[in-house]
Each structure stands twice: as structure tokens, then as C-alpha cells.
S.K.: 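Provided herewith is a single structure, encoded as C-alpha cells, for subsequent inquiry.
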Amino acid sequence: MRTSWADSVANSASENAASGSLENNGLSRPTRSTYVPPHLRNKTPPSSEPPAPSQSNDRIGYVGAIGGSRWGGGFKADVGRSGHNSSGSGYGYGGRTGGGLNSRSGAWDRKEREVNPFGEEDGKDAFGEQENTGINFDAYEDIPVDTSGDNVPAPVTSFAEIDLGEMLNQNIRRCKYVRPTPVQRYAIPIVLAGRDLMACAQTGSGKTAAFCFPIICGIIREHSVQRPRGPRTVYPLALILSPTRELSCQIHDEAKKFSYQTGVKVVVAYGGAPINQQLRELERGVDILVATPGRLVDLLERARVSLQMIRFLALDEADRMLDMGFEPQIRKIVEAMDMPRPGLRQTMLFSATFPKEIQRLASDFLSNYIFLAVGRVGSSTDLIVQRVEFVRESDKRSHLMDLLHAQRENGVQGKQTLTLVFVETKKGADSLEHWLYMNGFPATTIHGDRTQQERELALRSFKSGKTPILVATDVAARGLDIPHVAHVVNFDLPNDIDDYVHRIGRTGRAGKTGLATAFFNDNNLSLARPLADLMQEANQEVPDWLTRYASRASYGGNKNRRSGGGRFGGRDFRREGSFNRNMDYYGGGNIDSGYGIPSGYGGYTPGVASAWD
DNA sequence: AAAAAAC
């Protein structure tokens, strides 16, 4: 399997191609069943061959006019919007739901038909989705789970055990979710029980549903609550914050599905897009507001949104939301406006990584919370082959070109191999994209200096396979669910190992194998040790030269040490430093290694330094 | 030092 990177990519592509034949054993490797995120299960197989990719990128007039009009924004106003903002007619007045929710919101006299978010799923891109029946759901049974906190509610094993209500159950069926994922099994009962939650779980493990289901359920139950009526101010009951616009859009799209015909209204607000349209959406009523911090602060200062009635607050990618760049804004939203205090609202923090210092910060926002860490089946540990190569700065471009050439030659005919290339800077992204394009590789780029239209267009162009190479800054590192990414290249490694974890998590999704290649050189010395440790725990081959760098590397403190030494997760910082870590100092500490499966799953052997020690 | 996030 690990013969060469090109083979890995080719294997990945051929597994995609052979998906139909996989369905009966559900295994791409003999030893472990594969985990498929719920939103990707049970899609119908493609009915026709995907079209060959066209050799172009998404920039109008790009080739001939590199200088002037390149950034000119010469797009039509509706370009870049079709994937989102379908909320335009989102009245959610199902007719048979009783409609009590809408009458509060002042839009009850306009019964527009709610767009069915389930009808348009298939045949959307050049790939088609694989049939996932036959997945071995018993794979769930040996996922290590760690909970701590007072009186942790018992997990469930099926959606039927949870009373989410008929409307929500119907949408769960429409989403083809068969059984809850591990994070859902634990998180949903915790939130339904009214508890605050800090959850470590990988993206793609069903996090979005894990916080959306209990929020929607809670809003349906509280539908009789009286909300103030301002002439222009709206009073959402739930707020979901995320660090990037694209991620907010993605969460919004998901939440729309889950709340279809429940009468619960979901609105998204983010920067870079005209505010007027978003204001109109808000005026039509909002129960769940999904937003990026900057635009929300704007709306709050204009008094167009009040947080006074917030019952649920969810921070996705919570560790990023609380890092240095974001923390002041988040504190303003959560502590300095009219948001109810902890204990009077329910707060949920989710991320795949949760450094100790951030946990400490986050505890300001929480009240008697439960900490939940869910290990992963598949994805990084099992399904991503990680390679690291020593590449001098000046050799990076030609090295990348070699990779791409070989990949093109090894690719399965007619199947796209999406490659996501991470760089450090926005300028570097533009310059690399330009260079790739000039060398005949259809590439596009996404970063914070592009307009929102350009960003969304680039993402769509990449997802569809039109430009199968996407050069990205960290704006694309977290949370984005892009199926079919076979290869993540860390052209520039990040300085923080957590960022590396998030970046490589863009591949190896949906039970497919993925490849992550990193270019390492003298500029990345501080990453040598954490990277070597991480790869070792993930059972990856660590080159000798990296081990040497790692042992040589001495750096102060544990800044780059992952919290608790754990991989792909973390542990409750409240339990650090207690005299006996096995005593439940805070009560309720509980390591559940899972349903009678003996310890020793992958690298997570209890007793060894890991997330579960 | 860089990236993200409002106008």
C-alpha cells in the first residue's frame, strides 16, 4: 500500500471507481472496516461516466489578461451564489407542523413553498457518490470514547432511543442516516439533558448533526416561547459560529436539511456578501443563526440582531474561534452583548483539536460542562497515508510538478484526482496557482484576498473537478467537506501541528483512502518532533532523517506539543495535574473503550501516552 | 509572521 505516493493516489482513484464492487464487503483494507460519515452514506451510484475535465481555471480572461482585469470581479452578480443562500424561500411553513413557530416571526402570512433540500442531491458533480450500503457499522463499536464531568448522561445506540420528534426523525431518514455516529451517540443525549459540552471529534464524524439535532429539537419544544418584537431587530434562539465563511455556508446547508418542514428557520450571515440580502432573510424570521464573527458583530451593532433570547450557542472549530486572532470578537459576542450568561443558555464547543490553553479559555463560556473525546475510525489513522519529503524551498515547485505529472499518469482514466495544495501565504497561493496554470495544470486558488464570489467559485470549480488542483491558505484547512480529495500537499508546512491535523483531514474521507504529502525543510524545524510523533502514532513510516531532526530539535515549552500527547483528539484539561489521573477528581470521569472490545485499538492503547491514557 | 474575520 505504501509503495509509492503515486500508487496510493491511483489506488484511491480506483477505489472510487470500483465503489460498486466494494459495497458487499465494505472494506478497502482487510483488517478494518471503513468509516463513512453519515452525510455520505447511501448515495446512489453514478448513472453515467463523468465528463472529462476541461483544461481551464475559473478566472475569466485569465490567460490573456494576467495583469489588469484579473481581479476585476467581472462576474455576474449571481455567480458564486448558487450553492448557498437557498434560504431565500425558507419559510419552513410545512402546513402540517402546526406552524406555531412562524407566527412569532411575523412571516406567517407568506406561505412560500420551502425548497426541498433533498431533491437535488444526485448527479450534482462530475463524480456521483458511491453506494455505501454494506458498510460495516460494527466499526463503531471499538472507537474509544472518553467522557468526564458530573453525571454524564448515558449514550444511545440508535436514533430511535432518542425522542427527537417525528419531523426530525423524518429528516434523519431523508438524510439516509441509519445509526448515530459515535459523537452523535454521546453528544445528543448530553445536550438533550440540558448540559454544556466540550467535544473533541474529527470533522466528518457527524459533528454538525450532533449539535444541530438537539438544537432543532429544543427549538421545536420551546416553540411557544414569546420573543420580543422589534421593528427591525430579530431574536434568534440559537447561534452557531464558525471561523470561515465557507464553513458557515456548509453548516447552514446541513442545518436546512435537518430542519426541513419543521418550521425551524435557519439563516446564514457572513461577510464579503451584500448585507441587504442577509437582512431580508433575517427579517423573515430566524430561529437558528449561522454566522461568522465579523458580520455578526456588525449586525449586533446595527441592532438588527439581538442575542437576548439565545438558548443554544455552538462554536464549531472552537479552538480556532478562541485563538488569538478571534478571541476578542468571540468574547464581545458571547460576553459583552446581550447574550444570556452560561447556565442560562446551553453552550457547545466542537473541534477536532483542543489545546489545553484553549480549553482553559473556553471554560469561561461553559457551565458545569461535560468533556467528550471521540476517537476516530478511519480518516487520518487508518485511511490517510502520510509522507514527508525533504524539499528545499527552491525545489518546491519542480517537486510539486513531478508529483502532479506522475499523478496524472497514474490516474484512473476518466476519474478525477483532486489535489489540495496548502501554502502559507495569500501571495504564495496566487503565485503558485499562476505558475501551475502556466505549466498546464488546471488550478485555482482560495484565500482571504479573493472576493467572496471568487472564493466560492473556486471551491465549486474544485469540487466539480473542473480545476482539480486547489491552492489554498488555511482558510480551507478546517471543516470543509470536499469529497474526492485524494491528495493533500503541504507545500508549506504550518507552524502548528494542530493545523497539520486539520489540513490532512481534508482527505481520507468517506471511507476512501487519501494521501498527504508534506514538504519539509530547515524552515520547519519546530515541527519536526510533533510531526514525527504524530506520524508514528498513526503508524506511518517516519523517515530516518526526520527522526534525527526530531531528536535534535529542542524547543522551549510544550507549545507544539499536542494536548495530553494525544493524537486526533484531546483530554479534559480539568484532569491534568490531579494527583491521580485515574481518580475521578471531578467525578464522572469515565473511559469507555467500547462495548466489550478489548483495549488496544490502533495507537490508542490505554497505558501508553495517548488521548486515552 | 500569517491567516481569518465587517463595512
Side-chain angles (χ1 to χ4, degrees), chain A residues 73 203 239-252 267-279 281-282 289-305 307 315-334 336-337 351 353 355 358 393 420-433 445-456 458-459 470-480 490-503 506 521-527 555 559-560:
Chain A
T203 318
L239 176 63
I240 300 170
L241 292 173
S242 92
T244 66
R245 299 162 181 174
E246 287 77 12
L247 185 52
S248 279
C249 287
Q250 183 179 299
I251 295 167
H252 169 254
V267 176
V268 66
Y270 55 89
I275 200 168
N276 281 333
Q277 189 183 343
Q278 293 173 8
L279 287 173
E281 294 297 332
L282 288 168
L289 178 57
V290 186
T292 48
R295 177 55 60 89
L296 178 62
V297 168
D298 190 9
L299 292 167
L300 291 169
E301 286 173 348
R302 294 179 191 220
R304 299 303 295 261
V305 170
L307 302 177
L315 303 192
D316 202 6
E317 307 298 340
D319 61 332
R320 169 61 77 239
M321 303 298 282
L322 293 170
D323 79 5
M324 286 198 315
F326 271 119
E327 198 210 347
Q329 271 181 309
I330 300 300
R331 280 203 188 276
K332 177 164 189 173
I333 292 166
V334 177
M337 307 303 287
S351 182
T353 53
I358 300 290
E393 213 57 44
L420 181 51
V421 182
F422 281 105
V423 297
E424 197 59 22
T425 66
K426 294 177 279 197
K427 272 183 69 174
D430 277 337
S431 131
L432 181 59
E433 180 239 20
T445 182
I446 184 168
H447 61 70
D449 273 355
R450 301 199 78 190
T451 68
Q452 193 55 27
Q453 279 185 5
E454 289 170 330
R455 285 166 58 158
E456 291 176 21
L459 200 53
L470 179 65
V471 183
T473 60
D474 269 331
V475 70
R478 285 171 172 259
L480 292 187
N490 273 291
F491 189 89
D492 302 318
L493 273 164
N495 295 315
D496 189 320
I497 190 69
D498 280 350
D499 292 331
Y500 174 84
V501 170
H502 285 275
R503 286 178 177 187
R506 297 315 100 209
N521 62 34
D522 288 338
N523 296 327
N524 311 114
L525 291 185
S526 72
L527 204 65
Y555 47 90
K559 181 180 161 290
N560 234 342

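First the proteins, then the strands, lettered A, B, ... as listed; each starts at 1.
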S.K.: Using whole Å, report how far CG of Asp298(A) lies from P of dA4(B).
M.R.: 20 Å
S.K.: NZ of Lys426(A) versus P of dA1(B): gap in Å, rounded?
M.R.: 15 Å
S.K.: Starting at atom CE of Met324(A), determine the distance to atom P of dA3(B), rounded to an integer number of angstrom.
M.R.: 14 Å
S.K.: Using whole Å, report how far CD of Glu424(A) lies from P of dA1(B).
M.R.: 13 Å
S.K.: Are OP1 or OP2 of dA4(B) and a side-chain N or O of Thr473(A) less than 4.0 angstrom apart?
M.R.: yes
S.K.: Is any side-chain nitrogen or oxygen of Lys427(A) closer than 4.0 Å to OP1 or OP2 of dA2(B)?
M.R.: no
S.K.: Does Asp323(A) make a side-chain donor-acceptor contact with the base of dA4(B), cut-off 3.5 Å?
M.R.: no
S.K.: Tell me whether Asp323(A) is salt-bridged to Arg320(A), with the criterion being a basic N under 4.0 Å from an acidic carboxylate O.
M.R.: yes
S.K.: Please determine whether a side-chain nitrogen or oxygen atom of Thr292(A) lies at a distance below 4.0 Å from atom OP1 or OP2 of dA6(B).
M.R.: yes
S.K.: For Phe491(A), which residues count as a ring-ring contact (aromatic ring centres under 6.0 Å, His included) partner, sequence neighbours excluded?
M.R.: Phe519(A)
S.K.: Looking at dA4(B), dA2(B), dA6(B), which one has an atom nearest to any side-chain atom of Arg455(A)?
M.R.: dA4(B)
S.K.: Starting at atom CG of Leu299(A), determine the distance to atom P of dA6(B), rounded to an integer number of angstrom.
M.R.: 10 Å
S.K.: Atom CD of Glu327(A) to atom P of dA5(B): distance rounded to whole Å?
M.R.: 18 Å
S.K.: Using a 4.0 Å heavy-atom cut-off across all strands, classify Gly271(A) as base, sugar-phosphate, or nothing.
M.R.: sugar-phosphate
S.K.: Give one of base, sugar-phosphate or nothing for Val475(A), where a contact means two heavy atoms less than 4.0 Å apart.
M.R.: sugar-phosphate
S.K.: Applying side-chain contact (heavy atoms from CB on, under 4.5 Å) between Leu289(A) and each of Ile240(A), Leu296(A), Leu307(A), report the one that passes.
M.R.: Leu296(A)
S.K.: To the nearest Å, give me how far apart CG (Asn490(A)) and C1' (dA2(B)) are.
M.R.: 15 Å
S.K.: Between dA6(B) and Arg245(A), is there an OP1 or OP2 to side-chain N/O distance shorter than 4.0 Å?
M.R.: yes
S.K.: Quick check for you: among dA4(B), dA3(B), dA5(B), whose closest atom lies nearest to any side-chain atom of Thr425(A)?
M.R.: dA3(B)
S.K.: Got a salt bridge between Asp430(A) and Lys426(A), using NZ or NE/NH1/NH2 to carboxylate O under 4.0 Å?
M.R.: no
S.K.: Under the rule for side chain to side chain donor-acceptor pair (under 3.5 Å), what residues qualify as partners of Asn490(A), not counting sequence neighbours?
M.R.: Arg503(A)
S.K.: Whole angstrom is fine here: how far is it from CG in Leu322(A) over to C1' in dA4(B)?
M.R.: 14 Å
